[in-house]
Every structure is written in structure tokens, then in C-alpha cells.
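All values below come from the heavy atoms of this structure, side chains included, with hydrogens, waters and symmetry mates left out. Values in this document were obtained by computation on a predicted structure and should not be read as measured data. Naming: A, B, ... by sequence-line order, numbering from 1 per chain.
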Amino acid sequence: MIQIYNTLTRKKELLKPIEEGHVKLYVCGITSYDYCHIGHARSFLVFDMIVRYLRYRGYRVTFIRNFTDIDDKIINRANEQKVSSEDLANRFIKEFYLDTDRLGILRPDLEPRATEHIPEMIELIQELIDKDLAYQSGSDVYFRVADFPGYGKLSGRNLEDMQAGARIEVNEKKQHPMDFVLWKGSKPGEPKWDSPWGEGRPGWHIECSAMSRKYLGETFDIHGGGQDLVFPHHENEIAQSTGTTGKPFANIWIHHGFVTIRDEKMSKSLNNFLTIREILEQYQPEVIRLFIFSTHYRNPLDFSEAALQDAEIGLDRLYDCLARIAGCRDEGRKKSAVSVKDREKIESLQQRFEYAMDNDFNTAQGLGLLFDAVKVMNKVVQTVQAKPSAEDLDLLQKGGETVRELAGIMGLLQQDPVVYIESKKRKLLDRLDISVADIEQMITERAEARQKKDWAAGDKIRDRLLEYGIELQDGPEGTTWEVKI
RNA sequence: GGCGACGUAGCCAAGUGGUAAGGCAGAGGUCUGCAAAACCUUUAUUCACCGGUUCGAAUCCGGUCGUCGCCUCCA
């Protein structure tokens, strides 16, 4: 059984989908006015992993993630760049797909856009007005928070506390300072839609209430987003949705932690963010995935070059193990070289991994278990010199497959290990001033010298290659080389 | 000011009351002509600090200190 931490109750709860075996999930997507940064990547990746794991566990998942394609930020940015809001939003949705496709993020089942659901939002606002939970003021419509019992429940605050320390602008149009806008009258030149309250555009919060209701119903299983969305966005969604239906909105609220830089939140306002594509120039997608999943999704994750380099070394270690297993051959060895304890470790990997992941998607623990299994399998391959008994070969191959399958839940180890290692080698080699032919020529010369036991000459060649960044490894099958970073 | 999260080795990080996973880095060893890679061994009597509950606490409770976040747009 899967346990998930629910922000609403501040406890881990068993996942019990409303419809047996079918999980309905809504996640807040981007406001499309700029490139996505590594913090966004964490959000996409966390929910990508959650969806993959739920499906792995046999659930049918309906996954919705919206695009906010109308908003003040979009309008402002569009004005700066002298393009239409629509063109700007469309452009950054395209850029979003470029980034997420490179990261291997699965597409949600539906990706509704706010601008395509204006009638649904208007309908919802009208219902709120009819229930007297919303009121028109000038050309705007506001939600009346004081009349919604339980406002603040998700974020654990009450109206009095919020007002006391709030840095809220005085707005004559609001009856209560915490009231929030549902419909905003448009100023000249701004994008606008017709409504019973005049021309205008929807507020930010109403779109998620309207679109989730349309596609998932009045009550659904999981609503997700970043921790910064808890208040006010998700609090307001609950007020709007439960306000109209009188029913619970989402049963479980999942909020992931931030990516920080030097322990400070990465954000556009602090201008300390790194875009996904900037990082992809240096590191391949699976490195970013390993970095993200090495910490539990609710904890903050500090970004640094060193952390990514660690992740890259770790990924190499996993691929090296798979390549090593692929290189094993059965040459008629009879006796098993695997201890009972090690065999047990490999055979129980899947079960232990599921136990970790069932506990609120503990990828950090899950990864630890994968590394643990890899360690054992490396040992076996080493012990038998890549020539295991038929029984051991079977264990290794099954173990390798399990590692690959489980890593796949995090989108890891999806490449052929030999291809991964070779392509990485080539990429590194491109940065060096030496060709493969030159390297192989020098290795041949060195082999000749070594055959004559002219160690000094051989070592000289090895040193020269090292200056180019090439590291030699002498094994029983001859000399291999690697590019040293 | 209100609300919340976090503090585990040199660094990163898991740990759902039963005696501290895993990764990186370091040290010693096996292998090697010497190396490298790989493997083995090793590195926290202790989990910010102080009290309490318990047969038993990194885990639960109270307090102190520190860091971060939300309360304004944010993943």
C-alpha cells in the first residue's frame, strides 16, 4: 500500500483512490512567459516519477497539468517585448516542450490551457456569486474569504494572523483585505473576454478550479504543486471549488520542496536561477534526474556544480555495472561464487525498493538500494573474472534487469550501457586535442615497448597520454583507455 | 509579528520507538612491472543543544539555539 504525505492533514495517508485502481491527479503547470529553470524541472520530474511509480504499481492514472497562458506577468513581458500575449505564451510553451522532452518527461494525459476554458471559469464565478461567496466590485469580481468556513486550513493559518503581518496592498474595491480576485476588468489594450461583469480576464486561481472540475470531477484524488503554491493559490482553489460544490476538492495534497542555490530559494524575483537548457549544455538529462531524486521530494535541494558532478559519477557507476554484466560470458564454470547473503540482497532488491517507494515516494532510499545491489553485482563479476557459472550469470542478468527497470521509474538507465559509455567518451574526446587513431597508435607503441619490458618507454607514453587527458587501464584482455575529466 | 519545515560523518543523504542505508571524498589492502579501474576493509558509541516519556529515542513530547520557506508573483 502506498503512503503519501498529505499537506492538508500533515500526515502520511494511505492512497485510496475514489475510483478503485484509478488515480486522478492534477498538477499546477507553468505560467508561460519565460524559460523554465531547474526548480521547474524538479516539479516536472517529481510528478513524472510519481505517475510512473503509480503505473508501475498497477494503477491507472489520469494526469492533468495545465498551462497558465493568460496572466499579468505574461501581459507585462509581452508589452516589454512588443509582441502579443498570445504569441509570447505560445512561444514559451514551445520552449517548455523542448526542455521537458529532452529531460524525458512523460506528457500528461491532458494539458489544458487557461485561455481555452474561459466559459467554464465564468460559469464557476457565477455560481460563487449566486451562493454569495463572491461579489462584483467595479469591473472586478472578488471571492469573499470571510464567508468561506475553513479558509486557511491547508496552509494552517487564519484570517486574523494573515492580516496582522500581511504585506497586502490596500484595495478599496475589496470588502476584506484577504479577498482575492476571480475576474479582473481589462484595461485598454489588454487581452479580454466578454463576461456578465464586462470585458476582462480570469484571476489566476479560478483556472485550476475550473479545469480540474471539467476533467477530473468535483472531488479527485491528488492535487500537486510546489510548496510555494500552498498559499495563496491552493488555499484559494479549495475555497472556490468547495465553495461551489460543498464537497471536498482534492483528497491528498502533494507539495514538493524547492531547489535552492547557496541555501536560498531559486526564483525569478531573486534572479539566481539557472535554466534547464543551461544545465543541459553541461550535463545529460539522466544526471539531472539522479541529482533531483537523490533527495526526498519534500526536502529542499541545494544546487551546485559539485552536486551535479557527484550525480554524474554515480550514474557512471550504475551504467558501468550494467555494461560489466553485459560483458559476462558463461564458460562452463560449475560452482556459484555468490554468497547466500549477496544472492538474497540481489533477489530482494525489488521488494525493498517498493517498500521504500511506497513510503511517500522515497527515491533517495530507493537509489541507495540500487547502489547497494550494484556493489554486490560488481563484486560477483570481479570474483569470477566476468566468467560466472550459468546460475550466477542468470542472477546477474536478472539483477541487472531489475536495476534497470526500477531505475526507469526515475527515468534513469534508459540508454544502452555500452552506448552510454561510448557516447560519453566521444563527447569528452571532442574537447581534447587528440584523435582515437592517435591514441590507439600510441597504445600499440606502448604495448611493443612493454613486451620488451622497456617499462620506462611504456610509462613515458602513458604519461604523455595522461597529459592529453587519456587514462590507460591494463587488463587481462589488453589495454583500454578512458577520458579523464 | 503569525504559520511551517529542517538541523545525521569532511561533503551529499536515507532512516514509519528496537540499537546509524547509500553516494562522493579520504586511508589501508588485493590485483599490477609500476599504475589505473574494479573489488575488499576502514571512517558517526552517535544523530544541533537541554530536559521529559519509555525496558529502549536520531525517531515521541516540551524548551533553547541555528538555517530556510510562506504570509506579495513564484515549481
*Does A/Glu13 use its side chain to pair, donor to acceptor, with the backbone of A/Gln3 at less than 3.5 Å?*
no

Nearest-Å distance for atom pair [atom1]/[atom2], residues [X] and [N]:
| X | N | atom1 | atom2 | answer |
| --- | --- | --- | --- | --- |
| A/Asn359 | B/A21 | CG | C1' | 14 Å |
| A/Met410 | B/A14 | CE | C1' | 13 Å |
| A/Met266 | B/G69 | CE | P | 13 Å |
| A/Gln227 | B/A75 | CD | C1' | 10 Å |

Salt bridge present between [X] and [Y] (N-O < 4.0 angstrom):
| X | Y | answer |
| --- | --- | --- |
| A/Glu482 | A/Lys425 | no |
| A/Asp72 | A/Arg201 | yes |
| A/Arg57 | A/Asp358 | yes |

Give me, pair by pair, the N or O atoms of the protein and of nucleotides 30-32 of chain B that are less than 3.5 Å apart, along with how far apart they are.
none

Under-3.5 Å N/O pairs linking protein and nucleotides 22-25 of chain B:
residue: B/C24; atom: O2'; partner: A/Asp310; partner atom: OD1; Å: 2.9

Mind checking [X] for me? I need base, sugar-phosphate or nothing, with any heavy atom below 4.0 Å counting as a touch.
| X | answer |
| --- | --- |
| A/Arg446 | base |
| A/Ser304 | nothing |
| A/Phe273 | nothing |

Once you apply the 3.5 Å cut-off to both distances, tell me the Watson-Crick or G-U wobble partner of [N], or none.
| N | result |
| --- | --- |
| B/A14 | none |
| B/C73 | none |
| B/C39 | B/G29 |
| B/A58 | none |
| B/A44 | none |
| B/U67 | B/A5 |

*Of all of residues 37-45 of chain A, which get a heavy atom below 4.0 angstrom from RNA chain B, listed by number?*
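Those residues are A/His37, A/Gly39, A/His40, A/Ser43.
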
*When you measure from the side chain of A/Lys73, which nucleotide among B/C73, B/G15, B/C34 comes out closest?*
B/C73

Kindly indicate whether the side chain of [X] and the base of [N] share any N or O donor-acceptor pair separated by less than 3.5 Å?
| X | N | result |
| --- | --- | --- |
| A/Asp228 | B/G69 | no |
| A/Arg298 | B/A5 | no |
| A/Lys265 | B/C74 | yes |

*Tell me, with the steps shown, if A/Asn378 and A/Arg324 meet side chain to side chain donor-acceptor pair (under 3.5 Å).*
CA-CA 8 Å; A/Asn378 276 340; A/Arg324 215 170 274 133; 2.4 Å; yes

*Decide ring pair (Phe, Tyr, Trp, His ring centres under 6.0 Å) for A/Tyr33 and A/Phe92; before the verdict, give the C-alpha distance in whole Å, the side-chain angles of both, and the deciding distance to 0.1 Å.*
CA-CA 6 Å; A/Tyr33 72 105; A/Phe92 282 106; 7.7 Å; no

_A/Asp392: which of A/Arg333, A/Arg329, A/Arg343 passes salt bridge (Lys or Arg N to Asp or Glu O under 4.0 Å)_ = A/Arg343

*asked:* Looking at B/C39, I'd like to know if its phosphate oxygens (OP1 or OP2) sit under 4.0 Å from a side-chain N or O belonging to A/Asn378.
replied: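 Affirmative; the distance criterion is met.
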
_Suppose you measure atom P in B/G4 against the same atom in B/G63; what distance do you get, rounded to whole Å?_
12 Å

